[in-house]
Amino acid sequence: MKKIKVKKALFYGLVFIVSACSNDLELENQSKRNEFDGIQVVELDGTNLKSRSVEAVGERSLSLKFRDELIYRATIEKLKRMTPEERIAFFEKLGFEGTYSIWEKANKELDEIFDKELSLDSFTEEISAYKKRFEGVFIFNNEDVSDATPYLPFVDEDLALVGDIEGKVYVGERKIQPILGKISFDRDIDKIEEETDYKINPSVAPIPTAYTFRSFKHKSVIVRNGKYRSKMIFGSMRTPFDIELATKFEAQKKWLFFWKKSSASHTWKLSLTIPSLNISINSETPIPHRLPFCYLPLTLAATKGNPMIITVHEFSSSRGKAKASAVLKNIYPR
């Protein structure tokens with residue numbers, strides 16, 4: 001009788017374990033379905049869209065299809081809040097390798113080249129081979145051969161996140177594709193900053209396309225961490241309604257005179273004064289700032305054409321512990 005009871009206990013124990021494992025697996029599958037509900041990995045079949053297994057990764061025919069505009073916008077906003085590592089994990093789990101994943105791989109490969117201890121000739125050969133390998137996928141700066149950065153052939157940051165290798169994406173039965181045009185290449189961060197206008201794409205920063213950032217001549221601060229440089233450029237953000245003071249951030253990695261665009265978050269403290277108007281404003285970042293632009297708490301109209309003094313304290317980058325300070329005088333906003 002005792003043996004029968006023991007066998008029954010073992011049986012029910014096994015049933016419970018199998019049931020628990022099945023429930024865990026079902027919950028995992030349900031979680032994955034919820035996360036990617038309304039998103040398909042598809043491929044072109046003639047002129048029609050045909051669903052494809054998510055195991056087929058890395059083929060150029062693969063694209064993402066969103067069920068509707070709401071899911072499309074929500075996914076983009078979700079991706080923008082993620083770190084690069086979280087985005088890669090998201091696409092790997094989805095089983096999709098598009099513009100973002102391929103660019104991240106190319107950028108990581110370029111970082112590894114910059115980290116090597118090479119002679120100038122060997123480094124130049126590796127950069128040339130790298131550019132040739134990604135020719136036709138990315139665009140390279142033909143205005144400055146020392147710039148090794150791989151640039152996308154379009155400037156739409158939304159499609160740079162969710163687009164296929166050509167930047168295309170499907171929402172319902174509608175195809176969205178980027179507009180190809182002239183690419184604005186970055187400049188070497190160590191070069192003197194002249195007065196320059198930067199057209200702002202709405203997906204680069206949460207602002208309309210009509211906005212333009214105009215940098216002030218020679219009004220910037222650079223912090224250096226080994227091979228990394230970060231630059232805080234002061235200027236004005238021009239909108240259809242007003243002109244506000246703002247800053248633009250750039251980050252690069254250097255190897256002798258070669259350089260590449262990099263990513264970094266920044267922190268700083270600054271004071272802005274207009275002695276003739278007795279105006280004094282202090283500003284600092286409570287958390288590292290990741291966006292390429294940041295508004296300062298003052299409009300151009302409030303300056304009334306009077307010269308400003310901006311004092312920067314403890315400007316730092318996530319790329320190292322170095323800090324930079326500077327006093328920028330005789331700033332005439334216009």
Side-chain angles (χ1 to χ4, degrees), residues 80-88 100 103-115 127 130 138-141 143-144 146-152 155 157 160-161 183-194 196 198-201 203-206 213 215-216 218-235 237 246-270 284-296 310 312-326 328:
K80 285 182 177 180
R81 292 192 297 269
M82 292 180 181
T83 63
E85 294 77 17
E86 289 171 338
R87 291 172 186 165
I88 292 296
Y100 183 81
W103 187 90
E104 279 291 339
K105 285 184 178 180
N107 189 51
K108 183 179 179 181
E109 182 179 332
L110 186 58
D111 264 329
E112 291 171 354
I113 295 174
F114 269 70
D115 288 335
I127 292 297
Y130 172 86
F138 303 113
I139 292 175
F140 292 95
N141 190 347
E143 299 171 4
D144 182 359
S146 62
D147 179 7
T149 308
Y151 293 86
L152 295 177
V155 293
E157 293 291 321
L161 280 175
I183 302 299
S184 297
F185 299 113
D186 288 349
R187 294 182 59 194
D188 188 335
I189 211 168
D190 287 319
K191 290 184 178 178
I192 296 175
E193 183 67 33
E194 301 293 336
T196 310
Y198 299 87
K199 297 294 182 182
I200 314 297
N201 186 280
S203 50
V204 173
F213 177 81
S215 63
F216 301 142
H218 304 172
K219 303 303 178 185
S220 59
V221 184
I222 296 178
V223 62
R224 294 175 171 82
N225 287 286
K227 294 183 178 181
Y228 290 94
R229 309 280 191 277
S230 280
K231 193 172 190 176
M232 186 182 195
I233 304 167
F234 290 91
M237 188 71 79
T247 59
K248 179 179 185 292
F249 298 93
E250 295 178 351
Q252 293 175 1
K253 190 173 186 178
K254 307 276 287 193
W255 194 97
L256 291 180
F257 53 82
F258 286 94
W259 57 275
K260 66 176 285 293
K261 189 174 182 178
S262 185
S263 60
S265 57
H266 303 93
T267 58
W268 68 89
K269 296 178 182 179
L270 66 83
E284 65 178 278
T285 50
I287 58 174
H289 185 80
R290 296 173 58 187
L291 294 175
F293 295 92
C294 180
Y295 286 108
L296 298 180
I310 295 179
V312 180
H313 303 280
E314 300 179 10
F315 173 48
S316 64
S317 159
S318 57
R319 292 294 185 175
K321 296 181 179 180
K323 296 182 180 180
S325 299
L328 308 176

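The two residues S317 and N225 make their nearest non-hydrogen contact at CB-ND2, 4.1 Å. Across every non-hydrogen atom of A106 and F138, the tightest pair is CB-CE1, 3.7 Å. Considering all non-hydrogen atoms of both residues, E86 and R81 come closest at OE1-O, 4.4 Å. Here the closest heavy-atom approach between residue P150 and residue F140 is recorded as CA-CE2, 3.7 Å. Of all heavy-atom pairs between A322 and R224, the closest is CB-O, 3.3 Å. In terms of heavy-atom proximity, M237 sits nearest to A246 at CB-CB, 4.1 Å.
In this structure, the separation between CG on L161 and NZ on K80 is 7.0 Å, given to the nearest 0.5 Å. Rounding to the nearest 0.5 angstrom, the gap separating the CZ atom in F114 from the CD atom in Q252 is 9.5 Å. Atom CG of L270 sits about 5.5 Å away from atom CZ of F234, to the nearest 0.5 Å. In this structure, NZ on K108 lies 9.5 Å from CG on D111, to the nearest 0.5 angstrom. Taking OG1 from T149 and CG from L110, the interatomic distance works out to 7.0 Å, rounded to the nearest 0.5 Å. One distance of note links CZ of F315 with CE of M232; it measures 6.0 Å at 0.5 Å rounding.
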Side chain to side chain contact (heavy atoms under 4.5 Å, CB included) evaluation trace for W259 with K253: CA-CA 5 Å; W259 57 275; K253 190 173 186 178; over 6 Å; no
Verdict with reasoning, I88 to E104, per side chain to side chain contact (heavy atoms under 4.5 Å, CB included): CA-CA 8 Å; I88 292 296; E104 279 291 339; 3.9 Å; yes
CA sep, side-chain torsions, deciding dist, call: S325, V312, side chain to side chain contact (heavy atoms under 4.5 Å, CB included): CA-CA 5 Å; S325 299; V312 180; 5.8 Å; no
Worked verdict on H313 versus W268 for side chain to side chain contact (heavy atoms under 4.5 Å, CB included): CA-CA 6 Å; H313 303 280; W268 68 89; over 6 Å; no
CA sep, side-chain torsions, deciding dist, call: T267, S316, side chain to side chain donor-acceptor pair (under 3.5 Å): CA-CA 5 Å; T267 58; S316 64; 2.6 Å; yes
Stepwise side chain to side chain donor-acceptor pair (under 3.5 Å) test for S262 and R319: CA-CA 10 Å; S262 185; R319 292 294 185 175; 3.2 Å; yes
From CA spacing to verdict: salt bridge (Lys or Arg N to Asp or Glu O under 4.0 Å), K261, D147: CA-CA 8 Å; K261 189 174 182 178; D147 179 7; over 6 Å; no
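In this structure, H266 and F249 have parallel ring planes: the angle between them is below the 30° cut-off, well short of the 60° mark.
The side chain to side chain contact (heavy atoms under 4.5 Å, CB included) test with E250 singles out one residue from I233, I222, D188, and that residue is I233.
Ring-centre distance between F213 and F293: below the 6.0 Å cut-off.
Within the 4.5 Å cutoff, the side chain of K248 has no heavy atoms near those of the P292 side chain.
Using a 4.0 Å cut-off between a side-chain N of Lys or Arg and a carboxylate O of Asp or Glu, R187 and D144 do not qualify as a salt bridge. Ion pair D186/K260 not flagged as a salt bridge, since none of the NZ, NE, NH1 or NH2 atoms sits closer than 4.0 Å to an Asp/Glu carboxylate oxygen.
A 6.0 Å sphere centred on NZ of K269 holds no more than 12 heavy atoms belonging to other residues, nucleotides or ligands.
A distance-only check finds no donor-acceptor pair linking the side chain of K231 to the backbone of A251 [under 3.5 Å].
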